Engineer: 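Encoded as structure tokens, here's the structure I'll be asking about.
Computed from a predicted structure; not experimentally measured. The figures that follow rest on heavy atoms only: side chains count, while hydrogens, waters and symmetry mates do not. One-based numbering, in listed order, for ligands and for the atoms of each.
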Amino acid sequence: MGVLKDRFKAKADEMTTEIKSLLKEHGTKVIGQVQLTQIYQGMRGITKAPQGNEPLPEGLFYLMLVGELPKESDVTHVTETLQRRSHVPNHVFAAIDALPLSTHPMTMFVIGVMALQTESYFAKAYAEGINKKDYWLPTFDDTILLIARLPRIAAYIYRRKYKNNQHINPNGLLDWAGNFAHMLGYEATSFMELMRLYMTIHADHEGGNVSAHTTHLVGSALGDPYLSYAAGMNGLAGPLHGLANQEVIKWIFEMRDELKTELPTNEQIGAYVKKTLNEGKVVPGYGHAVLRETDPRFTAQMEFAKKHIPNDPLVKTVWNIYETVPPILQSLGKIKNPWPNVDAHSGALLVHYGMVEYEFYTVLFAVSRSLGVLASLCWDRALGLPIERPKSVTTDLVKKWIEGKDEIWGD
Ligand code: NMX
Ligand code: MLT
């Protein structure tokens, strides 16, 4: 872990100095205006983060921690660091085993993470009175251990719930995502490649999405990485966020059942979309709070499918839905982004390789998301970011402010 930790520390020190000097010189500069609609619409559009790219997930993790593209040896170093720390204590499995098999996999997953919280270095160090300038150190150690262990917990849940409790030992020679595929029970090279892509593209999406923001928020109260990540994953389990990936496949399967065809025509899809909307439901996998175009992660998966499985009927249906849905959503006149998001494509790829248990899909998203939200948490601690506490006002106060009778935006 030494090299990664040293490089992270060096970067964090540099950034701390830079931020201090920025604040000293420009601390009172106004960076933008907040409109009333933004407050009522979830505080979006206020911050932006740079985009990443698409290497092995370990490489992306290195990039998010160190801020530089890794060399091959750096990626290998991260892989080996994670491999050496993947042991999960038995009480975590016992906690999962205590739940009925009918429990949703995301509930099992978050309970598994919470059971693992017994291992938190940060919680122990805080109880022993750690100096605040050193918070980042046990946060970093927790982060590495948690990321190393999550695939094992997730695979345990999958094999327990869907494969008669027949578990598969880790393969210490494989990379993080490849080993995850192996423990899930999928040995095909193409599935391992899919897992590497999947784990990379779901890792991060700015800091404002529900799971990242929740992890940051809970971490801002100095919740350790286990508490913070588990909270974030409870956010991911919402159907408008990460659970949308299961909803997409469920929706397509229901459509195929109702229409009694494996490959519905665009006309049939259009009629089914209108029926969904008339029933007051959302079309899962479409729309986004921030993006205003086809999600590049959808396109990355489409490219993967074009290369590996272009004739799969479910994949073709996903592409036909892509042709059909946007004009219908657009015609409603209220949807800001009628294009598909990351969740519109992922399930069809998994089904192709035999992973048909769609209730499990959000757990895959969660394992990947650990890379982004935990790298961010290391940065939060290294920069000494404060507790988050947005001002909260009533609609009565807003009305008085509009009438000029109250001042609500002061300190
Ligand atoms: N189907 C039907 N209605 C929609 C959809 C959709 N796919 N997307 C947005 N709308 C509605 C939305 O419910 C709202 O209706 P109303 O005014 O009646 O409340 C209206 O259009 C305006 O919403 P927007 O401002 O365009 O979208 P918002 O930023 O509020 O929501 C999502 C973004 C992603 C929550 C929304 O597009 C949605 O519910 N999509 C379906 C669920 C989904 O795919 N979520 C996954 C997002 C990606 N992820 O992984 O997290
Ligand atoms: C995500 O990856 O978290 C989704 O795109 C949702 C978002 O960014 O709000």
Engineer: Compute the minimum heavy-atom distance from H202 to ligand 2 and say whether it is under 4.0 Å.
Structural biologist: no

Engineer: Below 4.0 angstrom from a heavy atom of H288, which ligand 1 atoms are there? Numbered from 1 as shown, please.
Structural biologist: 29 (O), 33 (C), 34 (C), 37 (O)

Engineer: Which residue and non-hydrogen atom of the protein lie closest to atom 4 (C) of ligand 2, and at what distance in Å?
Structural biologist: H288 NE2, 3.5 Å

Engineer: Taking atom types as modelled, find out whether H213 and E388 have a side-chain donor-acceptor pair closer than 3.5 angstrom.
Structural biologist: yes

Engineer: Do H308 and E303 have side-chain N/O donor and acceptor atoms under 3.5 Å apart?
Structural biologist: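 Distance-only check fails for H308 and E303.
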
Engineer: Numbering the atoms of ligand 1 from 1, which are under 4.0 Å from a heavy atom of G287?
Structural biologist: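 Listed by number with element, the hits are 34 (C), 37 (O).
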
Engineer: Identify, for atom 9 (O) of ligand 2, the protein heavy atom at the shortest distance, and state residue, atom and that distance.
Structural biologist: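 Checking every protein heavy atom, the shortest distance to atom 9 (O) of ligand 2 gives N209 CB, 3.3 Å.
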
Engineer: Report the nearest protein non-hydrogen atom to atom 1 (C) of ligand 2: residue, atom name, distance rounded to 0.1 Å.
Structural biologist: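 Going atom by atom, the protein heavy atom closest to atom 1 (C) of ligand 2 ends up being R369 NH2, 3.4 Å.
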
Engineer: Does a donor on one side chain sit under 3.5 Å from an acceptor on the other, for W339 and H288?
Structural biologist: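 On atom types as modelled, these side chains do not qualify, holding no pair under 3.5 Å.
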
Engineer: Side chains of E293 and N337: any donor to acceptor distance under 3.5 Å?
Structural biologist: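 The criterion, which ignores hydrogens and geometry beyond distance, is not satisfied for E293 and N337.
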
Engineer: Whether the S346 and N245 side chains hold a donor-acceptor pair (N or O, under 3.5 Å, no angle test) is what I'd like checked.
Structural biologist: no

Engineer: Among all protein non-hydrogen atoms, which one is nearest to atom 8 (O) of ligand 2, and what is the separation to 0.1 Å?
Structural biologist: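 Atom 8 (O) of ligand 2 sits closest to the protein heavy atom H205 ND1, 2.8 Å.
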
